[in-house]
Amino acid sequence: MSEAQREFSSFRDPSGVIFLRNGTLYRQVNGCYQRQYDALLQSGLYEELVKSGDLVRHSEVDVPPLTGQAYRVICPKRVPMISYPYEWSFGMLQDAALTTLRVHRAALAKGMILKDASAYNIQFIRGRATLIDTLSFDFYRDGQPWIAYGQFCRHFLAPLLLMANSDIRLNLLLRDWIDGIPLDLAAVLLNGKGGLFAKQHIVWHAKAVRQHDEDGKKSSQTRDLKLPLNSQIAMVDSMIRNIQGLRLPAVQTEWGDYYDHTNYTPQAAEQKQALVQDFLKQSAAHTVWDLGANDGRFSRLALEWGASVVALDIDPLAVERGYLWVKRTHEALLPLLCDLTNPSPAIGFACAERKSLFDRQMPDCIMALAVIHHLAISNNLPLPMIAEWSASITNTLIIEFVPKTDSQVQLLLKTRDDIFPDYTEDGFEDAFRRYFSIVKKEKITDSTRILYFMKNLQSLK
Amino acid sequence: MYLDPGLGSMIIQIIVASLATVGAALIVMRNSISSFFKGKKRAGGVPNGEPIDTALEEESDTQKQEQGQKDSEK
């Protein structure tokens, strides 16, 4: 049996630890958490939450634990691709918040609580926001306020209210503040918006934190504060209602109406779709990333071949539309917010607590349709660098070349000097041939664009 | 408890939860008042003190029959 490998991010909570053995993910339940773990299962709370889809299912396994403190080892259902709150659309963050509150509400009814409210404990499985930390439960102590309330406001309410009231891009602040957006900052950015809901949970909350947190360190007052159970339930219910009522303002982002303004005739669009389907079939990929996926229209083609798909796009509304679709269909597709020129880095302690986008999954196939001109021309990325980077993350590539004669490229060049002499069909092929073998090349009817299917030279060895 | 709940967060939670409790009580009161008046209005329409449930059932039966006629006309 191979050596077990501890998951780096699993260090905050002493209740257990996550580790990998032979490529399988396990969670060790420590002896100090035995009573809570047994209560979760015996109270029926586990079964209730798993049935509703709010909690990830697990099985108890007979596998050597990572350390000597183990009570049980469990094997949770694997999440195909881990994602982080700064990569989610508004609706994803909203549903993640609602799952968290529903789980806490259900736990209260069984004499337990959710002891933390970290957005990183929620993951999306087929469009369903699911709690993946089985060890997040504790016993409810009579009159005890919700200990995770502050964390919930920083991780969920602050970004949601900022996205709904100030700017849809403000969830990216979570990338800088790993334990949620500081409430005083959120209060400043809200600038009086968000009504009484924002006032209570953000503005007044920030004031209270500023005034009283130092007092807490001087005495044990925190442990003596009492809140009747029915009041806590009323607060949670009120938060659920208010979060459900949050809406994005009607904004039109750059790519909002993308598919209404493409350069394809209906025949060309049909041909492109057929070609992509054919290339995907040839790739036999289990995991596909669609770069610049918009709402995931082409990403869905990969689902037909049984692949698990990640649809990455820079536009928050396109990602939102993709999510709303998957939420309805429960397909194996995960829409995520991503600026390809500045993708999610590794963050947190030792720059390793939350992994970079590329450390979380190596896709078997990458689709990059109508995106190369944005990388090469809008962002001055040299074609050889794009080719080298593509080869470092995938074995097969479906890529569309959009030449300078294309009206979309013309538009990009209208306001700047053309400093891209190598941005030609030959220049493109030369750059990619260094790392890939071009298996197929097809011109798209009624357009100047070309679709390529390539295989990484390393994978062919 | 491995998280620091923060004294400020606990104090504001007690205030916010108290407001929510009052809000919830008001909602319950509003609902019971409106259902009381709705009930009275319906009860007023029932002839000769006939039990309300029976009257409502008959009403829905009549609606079903009317719907059935409309469907058969289509």
Side-chain angles (χ1 to χ4, degrees), chain A residues 12-15 113 115-118 138 141 143-154 179 183 196-197 199-239 241-242, chain B residues 1-46 51-74:
Chain A
R12 286 188 200 279
D13 186 358
S15 309
I113 59 159
K115 67 178 179 181
D116 46 22
S118 166
D138 206 343
R141 285 209 302 271
Q144 184 191 43
W146 187 24
I147 52 174
Y149 169 73
Q151 191 181 37
F152 181 82
C153 292
R154 291 191 305 273
D179 196 24
L183 297 177
L196 183 63
F197 184 53
K199 248 195 185 76
Q200 292 177 77
H201 298 283
I202 306 291
V203 182
W204 297 349
H205 192 166
K207 253 184 205 163
V209 168
R210 201 166 43 239
Q211 282 172 8
H212 296 288
D213 269 13
E214 284 307 308
D215 310 346
K217 286 175 187 125
K218 288 174 203 152
S219 69
S220 59
Q221 266 178 297
T222 313
R223 291 172 192 275
D224 305 332
L225 290 172
K226 294 283 179 207
L227 176 68
L229 179 61
N230 66 336
S231 291
Q232 187 176 155
I233 289 173
M235 182 189 74
V236 173
D237 287 348
S238 150
M239 285 201 285
R241 276 195 307 275
N242 278 287
Chain B
M1 193 193 314
Y2 80 98
L3 279 185
D4 177 2
L7 181 59
S9 291
M10 298 297 243
I11 290 172
I12 196 69
Q13 184 183 165
I14 290 167
I15 297 168
V16 165
S18 308
L19 289 175
T21 314
V22 174
L26 288 174
I27 290 173
V28 171
M29 263 168 64
R30 190 191 64 190
N31 289 349
S32 53
I33 290 170
S34 74
S35 64
F36 173 75
F37 280 112
K38 270 183 196 164
K40 259 203 156 174
K41 207 173 166 188
R42 278 205 190 280
V46 180
I52 296 170
D53 287 350
T54 321
L56 290 176
E57 273 168 28
E58 281 174 4
E59 195 181 316
S60 70
D61 285 347
T62 320
Q63 281 171 353
K64 273 181 205 163
Q65 280 169 9
E66 281 171 3
Q67 188 59 42
Q69 276 174 2
K70 276 181 196 167
D71 289 344
S72 60
E73 281 166 14
K74 277 180 189 172

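Chain naming here is simple, since letters A, B, ... match the order of the sequence lines and numbering starts at 1 in each.
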Atom pair OG1/CE of B:Thr21 and A:Met235 - distance to nearest 0.5 Å: 9.5 Å
Atom group of A:Arg210 that falls short of 4.5 Å from chain B, counting heavy atoms: neither
SB check A:Asp13 A:Lys115 (cutoff 4.0 Å): yes
Contacting region of B:Ile14 [heavy-atom separation from chain A under 4.5 Å]: both
Side chain / backbone / both / neither for A:Arg241 at chain B, heavy atoms under 4.5 Å: side chain
Using atom types as modelled, flag every donor-acceptor pair under 3.5 Å from a side chain in residues 201-208 of chain A to any protein atom, sequence neighbours excluded.
| unit_1 | atom_1 | unit_2 | atom_2 | d |
| --- | --- | --- | --- | --- |
| A:His201 | ND1 | A:Tyr149 | OH | 2.7 |
| A:His205 | ND1 | A:His201 | O | 3.0 |
| A:His205 | NE2 | B:Ser9 | OG | 2.7 |

Among the listed options A:Gln151, A:Gln211, A:Gln232, the residue most often paired with chain B at heavy-atom distances under 4.5 Å: A:Gln151
Atom pair CD/SG of B:Gln13 and A:Cys153 - distance to nearest 0.5 Å: 8.5 Å
Spatial distance of atom CZ (B:Phe37) from atom OG (B:Ser32) [nearest 0.5 Å]: 10.5 Å
Selection from B:Val22, B:Val16, B:Ile27 maximising heavy-atom pairs under 4.5 Å formed with chain A: B:Val16
Contact origin within B:Ile15 toward chain A - heavy atom pairs under 4.5 Å: neither
Segment of A:Ser231 engaging chain B (4.5 angstrom heavy-atom cut-off): both
Test item: B:Leu3 and A:Ile147 side chains (from C-beta on) under 4.5 Å apart, heavy atoms: no
